[in-house]
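Encoded as structure tokens, the structure appears first; notes follow it.
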Amino acid sequence: MVFVFYTKRFIFKCSEERQRVSCIKFGSDGQFFRAIGIARINGKYYVVDDTNTEFHSNGTLMGAMRQYIEKKYGKIEKVITRD
């Protein structure tokens with residue numbers, strides 16, 4: 001399943017793969033920025049973005065990624081889900 005999250009400045013195309021979520025981050029103009037990943041290891045979530053960050057969340061992997069995007073990049077204005 002693929003999720004596309006839209007913020008004011010960025011678009012994130014994310015897919016869930018077993019114990020991790022991978023996202024590709026684009027600017028609102030469509031320019032590729034970087035890949036972002038989150039994985040759950042020993043009950044903790046770890047985010048690979050500009051730096052390796054430990055992120056605390058009580059939800060699912062996709063929920064944790066959504067929280068991380070909102071915390072770091074701003075409010076998610078629209079979500080599209082595809083199979």
Side-chain angles (χ1 to χ4, degrees):
M1 185 164 289
V2 175
F3 295 87
V4 181
F5 300 111
Y6 291 86
T7 67
K8 269 191 174 174
R9 295 186 55 219
F10 298 104
I11 300 166
F12 299 85
K13 183 179 178 186
C14 303
S15 60
E16 195 166 1
E17 307 154 355
R18 295 189 185 180
Q19 296 299 319
R20 68 182 295 241
V21 172
S22 298
C23 297
I24 300 173
K25 177 178 141 186
F26 297 92
S28 58
D29 61 355
Q31 180 182 1
F32 173 74
F33 274 82
R34 71 178 61 86
I36 299 172
I38 187 168
R40 185 174 181 174
I41 302 169
N42 296 327
K44 295 180 182 179
Y45 292 103
Y46 293 94
V47 178
V48 177
D49 195 351
D50 294 333
T51 60
N52 295 336
T53 306
E54 184 178 329
F55 183 75
H56 300 281
S57 176
N58 293 327
T60 64
L61 273 171
M62 192 58 75
M65 179 57 85
R66 188 176 178 141
Q67 285 178 341
Y68 177 77
I69 290 170
E70 286 192 334
K71 180 180 176 185
K72 183 154 184 176
Y73 298 104
K75 181 182 175 189
I76 294 173
E77 297 178 352
K78 186 176 181 182
V79 178
I80 296 175
T81 306
R82 295 186 180 169
D83 286 332

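Every value quoted in this text rests on a predicted model; they were computed, and no experiment measured them. Numbers for residues simply follow the sequence, beginning at 1.
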Do [X] and [Y] sit in the same hydrophobic cluster, where Ile, Leu, Val, Met, Phe, Trp and Tyr count as joined when their side-chain heavy atoms come under 4.5 Å apart?
{"X": "F3", "Y": "I38", "answer": "yes"}
{"X": "V21", "Y": "F33", "answer": "yes"}
{"X": "V48", "Y": "I24", "answer": "no"}

Results of side chain to side chain donor-acceptor pair (under 3.5 Å) for [X] - residues two or more places apart only:
{"X": "S28", "result": "none"}
{"X": "R66", "result": "none"}
{"X": "T7", "result": "none"}

Reported [atom1]-to-[atom2] distance for the pair [X] and [Y], which is rounded to 0.5 angstrom:
{"X": "T60", "Y": "Q67", "atom1": "OG1", "atom2": "CD", "answer": "8.5 Å"}
{"X": "S15", "Y": "M65", "atom1": "OG", "atom2": "CE", "answer": "9.5 Å"}
{"X": "E70", "Y": "F5", "atom1": "CD", "atom2": "CZ", "answer": "9.0 Å"}
{"X": "I36", "Y": "C14", "atom1": "CD1", "atom2": "SG", "answer": "7.5 Å"}

Would you give me the side-chain donor-acceptor pairs under 3.5 Å for residues 39-47, sequence neighbours excluded?
residue: Y45; atom: OH; partner: G59; partner atom: O; Å: 2.4

Worksheet item: Is the CG atom of D29 crowded by more than 12 outside heavy atoms at less than 6.0 Å?
Response: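 Counting neighbours around CG of D29, more than 12 heavy atoms of other residues, nucleotides or ligands fall under 6.0 Å, so yes.
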Fill in: Geometric class of the F10/F12 ring pair [parallel <30°, tilted 30-60°, perpendicular >60°]
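Tilted: the ring planes of F12 and F10 meet at 30° to 60°.
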Practice prompt. Only counting residues at least two apart or in another chain, list the ones meeting salt bridge (charged side-chain N to carboxylate O under 4.0 Å, His left out) with K13.
Written response: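 If we apply the salt bridge (charged side-chain N to carboxylate O under 4.0 Å, His left out) test to K13, skipping adjacent residues, there are no hits.
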Extract all donor-acceptor atom pairs below 3.5 Å that involve side chains of residues 72-81 and protein atoms in other chains or at least two apart in sequence.
residue: Y73; atom: OH; partner: K25; partner atom: NZ; Å: 3.3
residue: Y73; atom: OH; partner: D49; partner atom: OD1; Å: 3.3
residue: Y73; atom: OH; partner: D49; partner atom: OD2; Å: 2.6

